[in-house]
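No hydrogens, no waters, no symmetry mates; every other heavy atom, side chains included, goes into these values. Chain letters run A, B, ... following the sequence lines, proteins first and then strands; every chain starts at 1.
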There are 2 protein chains.
Amino acid sequence: MTKPQLDRGAGKPSRRERVREATLAEIKGIARRHLVEQGAAGVSLRAIAREMGMTAPGLYRYVSGIDSLLVLITADMFEELAAAVAAADASVPSEDTDLRILTSLRAFRSWAVTHRAEFATMFGPRVRLAPGTDLTPALEAGRRFGATFYTLFDRLLSEERFPLPEGDRITPGLARELRAFADTCGFSAPHIPVEAIMVLSTCWVRLYGVVCMEVFEHLDFVMHDMEPLFESELQNILTGLGVRYQTP
Amino acid sequence: MTKPQLDRGAGKPSRRERVREATLAEIKGIARRHLVEQGAAGVSLRAIAREMGMTAPGLYRYVSGIDSLLVLITADMFEELAAAVAAADASVPSEDTDLRILTSLRAFRSWAVTHRAEFATMFGPRVRLAPGTDLTPALEAGRRFGATFYTLFDRLLSEERFPLPEGDRITPGLARELRAFADTCGFSAPHIPVEAIMVLSTCWVRLYGVVCMEVFEHLDFVMHDMEPLFESELQNILTGLGVRYQTP
DNA sequence: CGCTTTAGTGAACGCCGTTAGCAAACACCG
DNA sequence: CGGTGTTTGCTAACGGCGTTCACTAAAGCG
């Protein structure tokens with residue numbers, strides 16, 4: 001009687017679509033757990049299928065291959081990271097721009113060090129994927145993640161917290177690249193000068209550097225706790241942006 | 001008559017040792033080429049053996065497994081990178097500290113972008129190696145590579161080019177980590193204050209950040225030529241060190 | 001009910017790392 | 001020279017992997 005009619009296109013998902021979605025979610029969930037427990041090399045379709053009580057070829061109904069599965073979960077992880085940062089941002093009074101920035105950046109590092117395998121997949125070299133793999137879903141999600149920071153930075157900018165560097169330090173080539181960067185990221189409102197994009201890029205590169213160094217464990221045989229170095233670098237970065245730093 | 005006697009221990013390598021060494025070099029050479037041509041995932045004992053006209057188990061006489069082979073070539077690559085930087089350094093007048101630093105850092109980036117697969121293996125997350133793999137050879141070589149920069153920095157330090165940051169910005173925790181860092185790296189001559197080590201770390205992190213970002217191609221869908229950004233960051237870093245920057 | 005679309009299976013192919021047992025080549029010694 | 005122990009490389013085999021193909025069974029739908 002109340003069985004679903006064919007209300008495709010705009011209506012609710014059919015039963016089939018729901019169970020299909022659930023199965024896909026299960027696949028991604030197990031893949032994600034394997035990623036965490038055994039690293040990227042430990043994610044395999046056969047192992048996932050085995051754990052689900054299926055056979056590997058069955059997974060091809062849901063995913064077009066191991067590479068595309070990895071891209072899918074990478075996209076999920078970007079969403080998750082963005083949500084974690086946004087949650088931290090929302091946990092402090094919205095007027096306190098300084099604290100919001102500080103909290104967001106700390107949340108970024110914090111997520112990274114508690115999700116090392118994920119971070120390596122998202123921000124490390126693409127070592128597992130065959131060249132030519134379609135990265136669209138991950139790139140899309142990455143772009144959305146970036147937007148989290150653009151809005152914070154935009155606010156900082158409109159509050160005129162820091163002096164922009166002199167334009168003559170920006171070579172024409174750099175200016176062109178920065179423009180391209182801003183355009184593609186949807187961060188090129190007309191009021192944003194190229195000098196500001198330059199500052200943003202520099203900050204991002206520095207943040208990326210500390211966090212990568214920590215997560216990839218390239219100093220861990222020599223420095224056992226990287227948090228102090230991160231905090232110090234964070235202080236440097238924020239001070240340059242005219243943002244008030246306070247110890248955690 | 002002139003056949004080699006048993007002058008083991010201190011004398012020249014025996015014939016056996018020489019051919020053995022040559023075979024190992026061939027193995028590493030092919031592995032390296034596969035790494036460059038197909039990425040880390042494309043390095044396999046079977047493929048190497050096939051190309052050498054051998055079978056895979058035969059390689060186990062030379063290498064204790066794929067992981068240890070990867071560690072070996074990683075060590076080689078560190079040596080090579082160190083040599084490339086040293087060569088660039090030696091190509092400019094030794095009195096001109098400013099130019100030596102500038103040249104060395106550019107050489108680092110230059111090697112990285114022309115050896116992307118190698119750089120990813122050396123400086124990226126250890127995604128291919130089973131946890132627990134013995135990394136000693138690579139770590140050793142990495143340490144020697146680091147020394148290249150310490151000496152340059154040490155010179156800069158003794159010339160008192162830049163003011164050290166105030167000590168009160170260095171928390172006790174950070175100071176402890178920095179000391180550990182310097183000790184393990186053999187960069188802890190008594191005249192080096194902890195503030196200097198801090199500056200060195202910061203610079204290294206920033207350099208690492210730009211280069212990783214470029215090599216891992218995390219902005220390449222948005223910024224097609226990263227050199228201007230690198231040069232800009234380089235200028236920032238060097239200016240902070242009191243080193244004269246000049247465009248390439 | 002019958003037809004179509006979908007989900008999942010089993011077998012197969014060709015890769016991979018790694019182990020064990022065995023035969024040839026080699027280096028050395030008397 | 002012959003004998004002996006070591007080094008080298010092979011074959012065979014095990015288990016794991018991604019992926020394709022042909023096929024069955026179920027679900028959805030009119």
Each nucleotide of nucleotides 9-21 of chain C classed B (base within 4.0 Å of a protein heavy atom), S (only sugar-phosphate) or -, in 5' to 3' order, makes BBBB---BBBBB-
Exercise for the section: Could I get the full list of side-chain hydrogen bond (donor to acceptor under 3.5 Å, both in side chains) partners for Asp225(B), not counting sequence neighbours? Expected result: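 For Asp225(B) there are no side-chain hydrogen bond (donor to acceptor under 3.5 Å, both in side chains) partners, ignoring immediate neighbours.
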Atom-to-atom span, [atom1] of [X] to [atom2] of [N] - whole angstrom:
X        : N       : atom1 : atom2 : result
Glu17(B) : dC26(C) : CD    : P     : 17 Å
Arg20(B) : dA25(C) : CZ    : C1'   : 15 Å
Glu26(A) : dG8(C)  : CD    : P     : 10 Å
Arg18(A) : dA27(D) : CZ    : P     : 15 Å
Ile27(B) : dG9(D)  : CD1   : P     : 8 Å
Ile48(A) : dG8(C)  : CD1   : P     : 15 Å

Evaluate the ring planes of Phe108(B) and Phe123(B), with Trp represented by its six-membered ring, and classify them as parallel (under 30°), tilted (30 to 60°) or perpendicular (over 60°). perpendicular
key: Whether Trp204(B) and Phe149(B) hold their rings parallel, tilted or perpendicular, with breakpoints at 30° and 60°   = tilted
Item to check | Sugar-phosphate, base or nothing in reach of Arg16(A), heavy atoms under 4.0 Å | outcome: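 Base: the residue Arg16(A), judged by heavy atoms under 4.0 Å, touches a nucleobase.
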Nucleic acid contacts of residues 34-42 of chain B, taken as heavy-atom distances under 4.0 Å to DNA chain C:
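Of all residues in residues 34-42 of chain B, none places a heavy atom under 4.0 Å from DNA chain C.
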Side chain of [X], backbone of [Y]: donor and acceptor closer than 3.5 Å?
X         : Y         : answer
Arg126(A) : Pro131(A) : no
Glu233(B) : Leu207(B) : no
Arg128(B) : Val43(B)  : yes

Ion pair Arg32(A)/Glu80(A), N-O distance below 4.0 Å: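 Salt bridge: yes.
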Q) Salt bridge between Glu17(B) and Arg20(B), side-chain N to carboxylate O under 4.0 Å? A) no
